[in-house]
Number of protein chains: 2
Amino acid sequence: MRQRGRNMQAEVLAALRRCGAPMSAYEVLDQVRDGNPRLAPPTIYRALAALIERGKVHRLESLKAFVACRCERHRHVPIFSICEECGTVEEAVSRDITNELSRIAGQSGFAPARHVIEVHGQCARCESKGAPA
Amino acid sequence: MRQRGRNMQAEVLAALRRCGAPMSAYEVLDQVRDGNPRLAPPTIYRALAALIERGKVHRLESLKAFVACRCERHRHVPIFSICEECGTVEEAVSRDITNELSRIAGQSGFAPARHVIEVHGQCARCESKGAPA
DNA sequence: AGGATTCATGTTATACTGTAACCTTTCTTG
DNA sequence: CAAGAAAGGTTACAGTATAACATGAATCCT
């Protein structure tokens with residue numbers, strides 16, 4: 001039951017995984033369109049929203065882009081390292097940070113529901129290549 | 001010298017401070033436009049970019065919005081708590097978190113340059129009003 | 001079976017966010 | 001004053017996202 005919805009989601013997720021790097025919604029659209037000539041933005045955004053809901057995809061807020069989740073365990077708080085030279089994104093997890101972050105936010109009685117943690121900088125590879133920060 | 005540029009920045013910053021809450025660039029535009037009938041987006045975006053550069057304004061990536069910095073000390077890493085009920089935003093600082101975050105990201109040789117930390121949830125006030133998360 | 005219902009997707013149109021590119025004005029400096 | 005630099009004006013458009021309604025397939029219920 002309720003199987004139809006998963007098709008588009010599967011195609012979108014596959015496109016994101018093939019790419020590996022962050023993709024804009026419109027890049028996903030172009031990829032998925034290959035098979036389906038008439039695909040419009042809402043379809044992609046709907047699939048992305050569902051995948052994010054299911055923890056299969058993350059949105060990189062500071063890049064306006066999307067990536068497939070690389071962790072087996074979904075339902076975690078992802079920490080992204082974003083290289084501004086090459087665009088590579090690493091996904092990490094730290095219970096310490098998320099706990100501490102919840103604690104800080106909670107000091108004023110705030111109830112955290114969703115964390116956005118993104119670190120921009122330069123990856124080891126680009127740094128060693130000599131590109132100055 | 002070089003004084004002209006600060007006027008627009010001052011108006012934009014004043015608008016953000018008057019408002020207190022996050023504003024979209026186009027909301028700022030509407031505010032600042034009162035005095036200057038023909039003001040176009042690039043002017044606002046330029047002023048915002050300069051203010052962000054100077055640490056006077058932060059961009060809330062997950063809201064596509066801007067707020068005046070509330071801390072006296074600029075050049076810190078801000079941590080934002082964003083209430084999804086009422087839109088209120090609190091700005092906090094934690095050296096522990098930013099250090100730990102840099103450490104985590106640095107494990108793979110990544111050199112952090114800019115941190116984005118935003119926590120969505122429900123503020124104490126909205127929570128007590130009974131709005132269920 | 002057959003109609004009602006539900007839900008993903010198709011479709012159209014548009015709103016919102018952001019910037020490229022070029023021009024004009026003002027200020028500074030020699 | 002001429003030359004140059006920096007800010008802002010202006011036009012136009014690119015990129016991101018969603019509202020609103022139509023369509024069609026699977027499911028449910030009697």
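Every chain is numbered from 1 and lettered A, B, ... according to where its sequence line falls, protein lines coming before strand lines. Note that this is a predicted model, so its numbers are computed, not measured.
Residues B:R46 and B:Q9 have side chains that never bring a donor and an acceptor to within less than 3.5 angstrom of each other.
For A:F80, the ring pair (Phe, Tyr, Trp, His ring centres under 6.0 Å) partners two or more places apart in sequence, or in a different chain, are A:H58. By the side chain to side chain donor-acceptor pair (under 3.5 Å) test, A:E84 pairs with A:H120, sequence neighbours left out. With sequence neighbours excluded, the residues satisfying side chain to side chain donor-acceptor pair (under 3.5 Å) with A:E61 are A:R59, A:R114. Taking the salt bridge (Lys or Arg N to Asp or Glu O under 4.0 Å) definition, one finds that A:E100 meets it with A:R103, sequence neighbours left out. By the side chain to side chain donor-acceptor pair (under 3.5 Å) test, B:E90 pairs with no residue at all, sequence neighbours left out.
Atom CD of B:E11 and atom P of D:dA7 are 16 Å apart (whole Å). Going from atom CG of A:L48 over to atom C1' of C:dA8 covers 15 Å, rounded to whole Å. Taking atom CG on A:N7 and atom P on C:dA8, their separation rounds to 12 Å, with Å as the unit. Put simply, CE on B:M8 is 15 Å from P on C:dC27, counting in whole angstrom units. Remark: C1' of D:dT16 and CD1 of A:I52 are 14 Å apart, rounded to the nearest angstrom. Regarding A:Q9, its CD atom lies at a distance of 7 Å from the P atom of C:dT9, rounded to whole Å. If you take NZ of A:K64 and P of C:dT17, they are 10 Å apart, rounded to a whole angstrom. If you take CD of B:E61 and P of D:dT16, they are 14 Å apart, rounded to a whole angstrom.
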Please write out each protein N/O paired with an N/O of nucleotides 10-15 of chain D under 3.5 Å, distance rounded to 0.1 Å.
residue, atom, partner, partner atom, Å
D:dT10, OP2, B:R38, O, 3.3

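Applying the 4.0 Å criterion to OP1 and OP2 of D:dA17, one finds that A:R59 has a side-chain N or O inside that range.
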